[in-house]
Amino acid sequence: MPEIVPSLLSSDFSRITDQIKAVERAGAARLHFDIMDGHFVPNITIGPFIVEAIRKVTSLHLESHLMIENPERYIKNFVDAGSDTVIVHVEASKELYADLKMIRKLGVKAGLVLNPPTPFENIEPYLQDIDHLLVMTVNPGFGGQKMIEEALEKVALAKPYQKKYKFPIEVDGGVNLNTIEKAVKVGADLLVAGEAVFGNNKPEESFIELSKRVNL
Ligand code: DX5
Ligand code: ZN
């Protein structure tokens, strides 16, 4: 059954533990961290020390989506902070094989992500070396954007490889009550949701509502 993965980017950081407990009660199994450096994307968000602090208050699977240049410099910091999956951008990594290998060697799952304008062919050679595939359905940098639905085609393109290599396919950007069914239909296993979970100050109810749509 597809799962909702709350993105903390849209949560209220002044009461982050409450927000996490709310989605835990609702049934979340994973949390998504949007790590932005002000270079690869225009926004600046959270560093490893925040992941480390959150690691202490939850046992959920933590995935760190690195929207940063030179990801190889920081992979270890995010693993040491407690990430269970570290996801690198094909557009940001200079040595993608080496970066994926480093993540696995550090004992966590290696994720790969591509932006909406990036063709599927650019990631195809790496699919045998990943544990997680993330398909961006917005241009990264900010929460609350509208889904670029054409990008969902890449989920369908990745599906045949999944049988052989066993990675889950996750969709990130603009997932809400109106778009979630399209993402599920095309084959997404995991659905990142920021605004749709935390935007209305009712994360528990919103998570449950979204989960119901997945199970229709
Ligand atoms: C965008 C981030 C997303 C974002 C999703 O750069 O990678 O994870 O938080 O937010 P929503 O669900 O609000 O589009
Ligand atoms: Zn993300």
Side-chain angles (χ1 to χ4, degrees), residues 2-13 16 19-20 22-23 26 28 30-48 50-51 54 60-69 71 74 78 83-93 109-118 123 130 132-152 154-155 168-184 188-203 206-207 209-211 213-214:
E3 272 177 47
I4 312 298
V5 184
S7 160
L8 295 178
L9 187 62
S10 294
S11 67
D12 179 350
F13 268 83
I16 192 69
Q19 305 261 286
I20 292 170
V23 293
R30 314 167 69 99
L31 293 174
H32 183 90
F33 287 94
D34 287 305
I35 316 295
M36 306 187 189
D37 67 350
H39 293 279
F40 181 67
V41 289
N43 206 359
I44 299 179
T45 57
I46 59 186
I50 304 272
V51 178
I54 290 174
L60 297 191
H61 185 107
L62 303 183
E63 46 181 64
S64 292
H65 171 194
L66 303 189
M67 284 162 273
I68 62 178
E69 284 178 5
Y74 302 99
F78 282 98
S83 309
D84 299 294
T85 295
V86 174
I87 309 167
V88 288
H89 268 269
V90 63
E91 302 87 0
S93 174
K109 301 214 179 290
L112 176 59
V113 50
L114 77 171
N115 282 337
T118 303
I123 59 159
I130 63 170
H132 185 106
L133 178 64
L134 180 59
V135 175
M136 291 307 297
T137 43
V138 296
N139 288 308
F142 301 92
Q145 302 183 72
K146 192 174 174 295
M147 181 184 279
I148 300 167
E149 290 184 12
E150 299 75 58
L152 288 174
K154 286 179 270 186
V155 175
I169 304 174
E170 184 172 49
V171 161
D172 188 6
V175 170
N176 57 37
L177 289 172
N178 298 318
T179 58
I180 192 163
E181 283 166 39
K182 283 180 202 130
V184 170
D189 306 295
L190 298 169
L191 302 129
V192 175
E195 274 298 307
V197 169
F198 294 106
N200 65 358
N201 249 325
K202 291 187 181 146
S206 303
F207 183 97
E209 272 312 300
L210 284 165
S211 299
R213 292 296 171 96
V214 164

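Computed over heavy atoms, backbone and side chain alike; hydrogens, waters and symmetry mates excluded. Read the numbers this way: they start at 1 and go in the same order the structure lists the ligands and their atoms. This chain uses plain numbering: 1 for the first residue, then up along the sequence.
Nearest heavy-atom pair across Pro116 and Thr137 is CG-C, 4.2 Å. Between Ala151 and Val135 the shortest heavy-atom distance is O-CG1, 3.6 Å. Annotation for Leu177 and Ile180: closest pair O-CG2, 4.1 Å, computed over non-hydrogen atoms. Here the closest non-hydrogen pair linking Val175 and Ala196 is O-CB, 3.3 Å. Of all heavy-atom pairs between Asp34 and Asp172, the closest is OD1-OD2, 4.1 Å. Of all heavy-atom pairs spanning Met67 and Gly141, the tightest one is SD-N, 4.3 Å.
Looking only at protein N/O/S atoms, the ones less than 2.8 Å from the Zn ion (ligand 2) make 4 in total.
Contact annotation: for His32 versus ligand 1, heavy atoms closer than 4.0 Å belong to the side chain alone.
Atom CD1 in Ile87 sits 5.0 Å away from atom CG in Leu134 (nearest 0.5 Å). Atoms NE2 and CG, on His32 and Leu191 in that order, are 12.0 Å from each other to the nearest 0.5 Å. The CD1 atom of Ile50 sits 6.5 Å away from the CZ atom of Phe13 when rounded to the nearest 0.5 Å. To the nearest 0.5 Å, atom CD1 of residue Ile54 and atom CD1 of residue Ile16 are 4.5 Å apart. Here the CD atom belonging to Glu69 is positioned 12.0 Å from the NE2 atom belonging to His89, to the nearest 0.5 angstrom. Expressed to the nearest 0.5 Å, how far CG of Leu8 lies from CZ of Phe198 amounts to 5.0 Å.
Backbone and side-chain nitrogen or oxygen atoms of Asn139 are examined, and none is located within less than 3.5 angstrom of a nitrogen or oxygen of ligand 1. On a distance-only criterion, Ala196 and ligand 1 share no N/O pair closer than 3.5 Å. Here's the thing with Gly173: none of its N/O atoms is less than 3.5 angstrom from an N/O atom of ligand 1. By the 3.5 Å distance cut-off applied to N or O atoms, Ser10 is not counted among the residues near ligand 1. At least one N/O-N/O distance between Gly174 and ligand 1 falls below 3.5 Å.
Listed by atom number, the atoms of ligand 1 under 4.0 Å from Leu9 heavy atoms are 9 (O). Of all atoms in ligand 1, listed by their number and element, those nearer than 4.0 Å to a heavy atom of Val192 are 8 (O). For ligand 1, the atoms sitting less than 4.0 Å from at least one non-hydrogen atom of Glu195 are 11 (P), 12 (O), 13 (O), numbered in the order shown with element in parentheses. Ligand-side atoms of ligand 1 in range of Met36: 6 (O), range being under 4.0 angstrom from any heavy atom. Every atom of ligand 1 is numbered from 1 in the order shown, and the set under 4.0 Å from a heavy atom of His65 is 7 (O). Atoms of ligand 1 found under 4.0 Å from any heavy atom of Pro140 (numbered from 1 in listed order, with element): 6 (O). Atoms of ligand 1 found under 4.0 Å from any heavy atom of Met67, numbered from 1 in the order shown, are 6 (O), 7 (O). Against a heavy-atom cut-off of under 4.0 Å, Ser7 is close to the following atoms of ligand 1: 8 (O), 9 (O).
Only one option out of Ile130, Ile68, Leu66 pairs with Val88 in a side-chain contact (heavy atoms from CB on, under 4.5 Å); it is Leu66.
The single protein non-hydrogen atom nearest to atom 10 (O) of ligand 1 is Gly143 CA, 3.7 Å, given as residue, atom name and distance. Looking from atom 6 (O) of ligand 1 to the surrounding protein, the closest heavy atom is Gly141 N, 2.8 Å. From the protein, the heavy atom lying nearest to atom 12 (O) of ligand 1 is Gly194 N, 2.8 Å. Here the heavy atom of the protein found nearest to atom 5 (C) of ligand 1 is Asp172 OD1, 3.5 Å. For atom 1 (C) of ligand 1, the nearest protein heavy atom (residue, atom name, distance) is Phe142 O, 3.6 Å. Nearest non-hydrogen protein atom to atom 13 (O) of ligand 1 is Gly144 N, 2.8 Å.
The closest approach between a heavy atom of Met136 and any atom of ligand 1 is below 4.0 Å.
Side-chain atoms of Ser11 never come within 3.5 Å of backbone atoms of Gln19 as a donor-acceptor pair (strictly under, hydrogens ignored). Asn115 places no side-chain N or O within donor-acceptor distance of the main-chain N or O of Thr118, the cut-off being under 3.5 Å.
Of the candidates Val113, Val138, Leu8, Asp34, Asp34 brings a heavy atom nearest to atom 2 (C) of ligand 1.
For Ser206, the side chain to side chain contact (heavy atoms under 4.5 Å, CB included) partners are Asn200, Lys202, not counting sequence neighbours.
Look at Glu149 and Lys182 and you find a salt bridge, because one of the NZ, NE, NH1 or NH2 atoms lies within 4.0 Å of a carboxylate O, short of that distance.
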